[in-house]
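Below, read A as the first sequence line, B as the second, and so on, with proteins coming before strands; counting in each chain starts at 1.
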Amino acid sequence: MEESKKALNFIEHIIEEDLADGYAKSQLRFRFPPEPNGYLHLGHASSICLNFGLGEKYGAPVNLRFDDTNPAKEEKAYVDAIKRDVEWMGFHWDKECYASDYFQELYDWAVMLIKQGKAYVDSQSSEDMAKQKGTPTEPGVPGPYRDRSVEENLDLFLRMKNGEFEEGKHVLRAKIDLASPNMLMRDPILYRVLHKAHHRTNTDWCIYPMYDWTHGQSDYLEQVSHSLCTLEFLPHRELYDWCLDQLVSKDRLRPKQREFARRNLSHTVVSKRKLLQLVEGGHVTGWDDPRMPTISGLRRRGYTPESIRNFADTVGIAKRENLVDVSLLEFHVREHLNKITPRVMAVLNPLKVVITNYPEGQVEWLDAENSPEDESMGTRKVPFSRELYIEKEDFREEANRKFFRLKLGGEVRLKNGYIIKAESCTKDTDGSIIEVRCTYDPKSRSGSGTEESLRKVKGTLHWVSVAQAVEAEVRLYDRLFSDENPDGHKERDFMEFVNPNSLLVITAYLEPSLKEAKVGARYQFQRLGYFNVDTDTTGDNLVFNRTVTLRDTWAKIQQKG
RNA sequence: UGGCCCAUGGUGUAAUUGGCAACACAGCUGGUUUUGGUCCAGUCGUUCUAGGUUCGAGUCCUAGUGGGCCAACCA
């Protein structure tokens, strides 16, 4: 890639400085450290692109490390989903690691700390400990167990490990500084008792290390050079460094933590906890519901990994609060899908057109090009006949000159077909139009080369032949939240902004070439948008998702009146 | 009311580290087009405030303002 010319983000500046300062390029190593307690979302995609992107840029390995220190929330199923998502994004990790692989080392280091008088077993309730901890403006005070003897601490900690105590009875705490302005340094908890089976270590352990006692050490054991995390971990850095101070040896690389701002996307939430709420509340069908900003949701929706990676690259990385507009994401899917999808015709909201001068029973199979962007995609045949469907929105009895579509007495080109003229229409008792009767110009067939075929008419419509049309279920999605920043309101819960109309299911009529469309296949339904075949598709039920609409200039013109 | 972080067009990021503020998206105008798509051309608009250092400040210093984070046996 010609990546080298691009401006560097602040993380890359840090790495460049380190390189200039004597780091060998071969020492560079990164990691992506998800907790397997939920599915990956667009925020993680940014982090994935950052870490793996750095790996690609510097030719450095990147580990996939599961931060699995809390068996109460974590599951193997999430591990599998995360691996699938990272692979789908097109990245390759060097080692597949688990924090749980380091439980023994972590335990040994904790024992070492106790022996040095730097950690102690506290046996109070969490409420009491919280009280003694003070507040950001007042220092904490020592609890009654802070000065237990090394022997007693060692004994208690061993018995915690052996499962002799119930949850909540004892914790192991580091003895650091109760007066620190950084709350995290006020004797942070290192271990808690948890009688839960772990997805990898099963019931081997009755005590589990906390994040702060795990992350830096994991980085150190894996010799990660730059440990990148989001800004809310900035206050943890002091503790991260304290932990490393206790055990780093001078001849090994010492990892450094640096922090960047998480990405926020407009009209959605990027928080596993909140996404879980949507899943559990039944507002969506699951983590991979196409409306979800999860990687699996976007995949099912028809997004491509390339479009997500380009999005992440364009958005970049920095340290300030942000709210990225979804339109940027949509721009990137359209940009990619425009290049790779074949064009087809489908009618979502049918209105019957009868071509009165077209022979009854006749069917012509017309040539249609699969992509105006890419001739190598070839052509296909589409059937033309006396009875067709067009979109209801494409016909009006009367309209002004700005309406480039079909109106009574007006002409329009049927894409890949003939020029037709609307002669009359019939209505039902409510007055809504149910059929348009047209005539066609037999010499105007697209591609026939005749003078008539070359005639310019202002509008071109997509259509399908009624007799050969394939019915399909089409799912039209709208934003999941009506508010631009649903979790940005202090007094209102984000759930208040859930859009009740985020899904519209319709029956559409497709050209017959789509009959055998495979799950996952992506198309452009001409003039409508990009669609893909959903995983719910079965032998007798074709299901399409609308990935994104085409840019719609006409909608804007109409809005202006 | 303590500590830490942040502040550049509507949005997101750049600025050769103190030297003409730029790129993308969005918006707007026009052109091409058998998709009101794509493509092409053009256009709008930016350094939070006040001081200071300097020949020169988006960048450095001070103060202010605004926003965020920090008192889980979560990560």
Tabulate atom names and distances for all N/O pairs under 3.5 angstrom spanning the protein and nucleotides 24-29 of chain B.
{"from": "rG27(B)", "atom 1": "OP1", "to": "Lys556(A)", "atom 2": "NZ", "distance (Å)": "2.5"}

Interface polar pairs with nucleotides 2-11 of chain B, N/O, under 3.5 angstrom:
{"from": "rG2(B)", "atom 1": "N3", "to": "Pro136(A)", "atom 2": "O", "distance (Å)": "3.2"}
{"from": "rU8(B)", "atom 1": "OP2", "to": "Arg320(A)", "atom 2": "NE", "distance (Å)": "3.4"}
{"from": "rU8(B)", "atom 1": "OP2", "to": "Arg320(A)", "atom 2": "NH1", "distance (Å)": "2.1"}
{"from": "rU8(B)", "atom 1": "O4", "to": "Arg320(A)", "atom 2": "NH2", "distance (Å)": "2.7"}
{"from": "rU11(B)", "atom 1": "O3'", "to": "Leu323(A)", "atom 2": "O", "distance (Å)": "3.3"}
{"from": "rU11(B)", "atom 1": "O2'", "to": "Leu323(A)", "atom 2": "O", "distance (Å)": "3.2"}

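When distances run from any side-chain atom of Val171(A) to the nucleotides rU34(B), rC73(B), rU38(B), the shortest one goes to rC73(B). Considering only side-chain atoms of His13(A), the nucleotide from rA15(B), rU35(B), rG36(B) that sits closest is rA15(B).
Salt-bridge check for Arg237(A) with Glu259(A): passed, with a basic side-chain N closer than 4.0 Å to an acidic carboxylate O. We find that Arg200(A) and Asp68(A) are not joined by a salt bridge, their nearest charged nitrogen and carboxylate oxygen being 4.0 Å or further apart. Ion pairing of Asp177(A) with Arg186(A) is absent here, as no side-chain N (NZ or NE/NH1/NH2) approaches a carboxylate O to less than 4.0 Å. A salt bridge links Glu411(A) with Arg455(A): the distance from a Lys NZ or Arg NE/NH1/NH2 to an Asp or Glu carboxylate oxygen falls below 4.0 Å. Salt-bridge formation is detected for the pair Lys256(A)/Asp18(A): a Lys NZ or Arg NE/NH1/NH2 atom is positioned less than 4.0 Å from an Asp or Glu carboxylate oxygen.
Anti is the conformation of rU16(B), whose glycosidic angle sits further than 90° from 0.
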key: Dot-bracket line, read 5' to 3' along RNA chain B, where crossing pairs take [ ] and | marks a partner on another strand, Watson-Crick or G-U under 3.5 Å   = .((((((..((((.....[..)))).(((((.......)))))....(((((..]....))))))))))).....
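Remark: Asp67(A), Thr69(A), Asn70(A), Lys73(A) in residues 65-76 of chain A come within less than 4.0 Å of RNA chain B through at least one heavy atom.
Contacts of Arg405(A) with the nucleic acid, taken as non-hydrogen atoms under 4.0 Å apart, include base atoms. No contact: Leu184(A) has no heavy atom under 4.0 Å from any strand. Residue contacts for Lys456(A): at a heavy-atom cut-off of 4.0 Å it reaches the sugar-phosphate backbone alone, with no base atom in range.
When all heavy atoms are compared, the tightest approach of Lys272(A) to Trp287(A) is O-CH2, 3.7 Å.
For Arg148(A), the salt bridge (charged side-chain N to carboxylate O under 4.0 Å, His left out) partners are Glu152(A), not counting sequence neighbours. Every residue was checked against the salt bridge (charged side-chain N to carboxylate O under 4.0 Å, His left out) condition with Asp374(A), not counting sequence neighbours, and none meets it.
Residue-nucleotide stacking is not present for Tyr211(A) and rA75(B), judged by a side-chain ring centre under 5.5 Å from the six-membered base ring centre and planes under 30° apart.
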